[in-house]
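All values below come from the heavy atoms of this structure, side chains included, with hydrogens, waters and symmetry mates left out. The chain is numbered in sequence order, starting from 1.
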Amino acid sequence: MLTKIAAASLLAALPLAHATPNVTAEVLPSEDCSSYPGYDASTNTAGPWTIQVVNSDNTAIEGFSDTSVYSISYNPSTDSKPSLRWGSITFPTRNDIAKNPLKCEAGVLKGWVPTDLTDAGAPTSYQWTPLVLSPYPYDAALMWKIDGDAPQIFEHYIGDVKQDGVFLGGYNTTTSWGLKYYGADSGSSGQDYYYSRLLGPNSADPSTGAPLSANETTAFIKITQ
């Protein structure tokens, strides 16, 4: 991740189903929002909706929708208050907490996310903010307030049979995501969460060459209305 956080090993105790199927992913046009669910041609928008973990190796979070965490910057000798450096879309360990809706606007995927912090460090100034893939292919989380590559949407096929739904991915090729558990003390939300990163070209660990990190599982991320 872009900031050092301590990992926990809860995932080792969770049920694994190895459910992520082999699919053919076909990228959809992204010049506007017409390929997204719920497209409104009069406003060139689609949504809002949430995104959902599907076909996950980790059945404990199958069907869970997105939340977020953010990184805090604060130097008491120079800063009058903390600020939000960047944030990333994540998934919870409980699906009954508040979610971050997403939408497409003029071809840009955006999230309803905080963009600043109060004096006490609480998230504030929620806005529809562009989401990008981190510029590091081995850590390509879906993030805001950084520069990066635009995410894409895809259809899935098994053989010649189109699968239901629209899936999030990137690089014109991939919709597979790695999800890894982190404890509540590792992020801003005060909740346990699963960090997600897109798996694809050059996503292996640059030091070891391992395609997945310890206790990281795979899933697809589907747009749900």
>> Under a 3.5 Å distance rule, please check whether Ser134 uses its side chain to pair with a backbone N or O of Asp139 as donor and acceptor.
In response: yes
> Looking at side-chain heavy atoms only, is the closest gap between Tyr36 and Ile223 below 4.5 Å?
Replying inline: yes
> Is there a donor-acceptor contact under 3.5 Å from the side chain of Asn44 to the main chain of Cys33?
Replying inline: yes
> Where do Ala141 and Ser88 come nearest, in terms of heavy atoms and distance?
Replying inline: CB-CB, 4.4 Å
> Going by atom types alone, do Asn202 and Tyr138 pair a side-chain donor with an acceptor below 3.5 Å?
Replying inline: no
> Where do Thr124 and Thr118 land on the side chain to side chain donor-acceptor pair (under 3.5 Å) test, with the steps shown first?
Replying inline: CA-CA 6 Å; Thr124 188; Thr118 66; over 6 Å; no
>> Minimum heavy-atom separation for Ala150 and Leu133, please, with both atom names.
In response: O-CD1, 4.3 Å
>> When you group the ILVMFWY residues by side-chain heavy-atom contacts below 4.5 Å and let the links chain together, are Phe154 and Leu168 in the same group?
In response: no
> Checking side-chain contact (heavy atoms from CB on, under 4.5 Å) against Pro92, which of Tyr193, Phe64, Tyr194 comes through?
Replying inline: Phe64
>> Between Arg197 and Glu216, does any side-chain N to carboxylate O distance fall below 4.0 Å?
In response: yes
> Closest heavy-atom contact between Asp119 and Pro82?
Replying inline: O-CD, 3.6 Å
>> Looking at Asp160, I'd like to know if its CG atom is crowded, meaning that more than 12 non-hydrogen atoms belonging to other residues, nucleotides or ligands lie closer than 6.0 Å.
In response: no
>> Tell me whether Lys99 contacts the main-chain N or O of Asn95 through its side chain, where contact means a donor paired with an acceptor under 3.5 Å.
In response: yes
> Rounded to the nearest 0.5 Å, how far apart are OG1 of Thr90 and CD of Gln191?
Replying inline: 10.0 Å
> Less than 4.5 Å apart, any side-chain heavy atom of Lys110 and any of Cys104?
Replying inline: no
>> Can you confirm whether the side chains of Thr20 and Thr218 place a donor and an acceptor under 3.5 Å from each other?
In response: yes
>> Do Phe220 and Trp177 land in one hydrophobic cluster if side-chain heavy atoms of ILVMFWY residues count as linked below 4.5 Å?
In response: no
> Measuring from Ser73:OG to Leu84:CG, what's the distance to the nearest 0.5 Å?
Replying inline: 9.5 Å
> Regarding Ser34 and Asp32, is there a side-chain donor-to-acceptor distance under 3.5 Å anywhere?
Replying inline: yes
> Would Glu105 and Thr45 count as a side chain to side chain donor-acceptor pair (under 3.5 Å) if you check the C-alpha gap in whole Å, the side-chain angles of each, and the deciding distance to 0.1 Å?
Replying inline: CA-CA 5 Å; Glu105 186 174 67; Thr45 62; over 6 Å; no
> Rounded to the nearest 0.5 Å, how far apart are CD of Gln163 and CG of Asn55?
Replying inline: 8.5 Å
> When you check the gap from the basic side-chain N to the acidic O, do Lys145 and Asp116 get nearer than 4.0 Å?
Replying inline: no
> Which word best sums up how the rings of His156 and Phe167 line up, parallel for under 30°, tilted for 30 to 60°, or perpendicular for over 60°?
Replying inline: parallel
> Under 3.5 Å, is there a donor-acceptor pair between the side chain of Ser176 and the main chain of Thr174?
Replying inline: no
> Looking only at atom types and distance, does a side-chain atom of Gln52 sit under 3.5 Å from a main-chain N or O of Ser65, one as donor and one as acceptor?
Replying inline: no
> How far apart are the closest heavy atoms of Pro29 and Ser35, and which atoms are they?
Replying inline: O-OG, 3.1 Å
> Can you name the nearest heavy-atom pair linking Pro201 to Pro137, along with the distance?
Replying inline: O-CB, 3.7 Å
> In terms of side-chain heavy atoms, does Gln152 have a donor or acceptor partner in Ser30 at a distance below 3.5 Å?
Replying inline: no
> Could you state the interatomic distance from CG (Leu109) to OG1 (Thr129), rounded to the nearest 0.5 Å?
Replying inline: 11.5 Å
> Is Leu198 close to Ser203 at the side-chain level, that is, under 4.5 Å between some pair of heavy atoms?
Replying inline: no
> Where is the tightest heavy-atom contact between Ile158 and Asn22, given as atom of each residue plus distance?
Replying inline: CG1-O, 3.9 Å
>> Distance alone, cut at 3.5 Å: any donor-acceptor contact between the side chains of Thr50 and Thr224?
In response: yes
> Does Asp79 CG have over 12 foreign heavy atoms under 6.0 Å away?
Replying inline: yes
> Any sub-3.5 Å donor-acceptor pair from Asp205's side-chain atoms to Ala210's backbone N or O?
Replying inline: no
> Between Trp144 (side chain) and Val132 (backbone), is there a donor-acceptor pair under 3.5 Å?
Replying inline: no
>> Is the positively charged end of Lys103 above the ring of Trp128, judged by distance under 6.0 angstrom from the centroid and angle within 45° of the axis?
In response: yes
>> Please verify the inter-ring angle class for Tyr182 with Tyr195; under 30° counts as parallel, over 60° as perpendicular, anything in between as tilted.
In response: perpendicular
> So, are Lys222 and Asp164 salt-bridged, with charged N and O less than 4.0 Å apart?
Replying inline: yes
>> Nearest 0.5 angstrom please: Arg85 CZ to Tyr70 OH, how far?
In response: 13.0 Å
>> Let me confirm one number: the CG-CD1 distance from Leu117 to Ile72, rounded to the nearest 0.5 Å.
In response: 5.5 Å
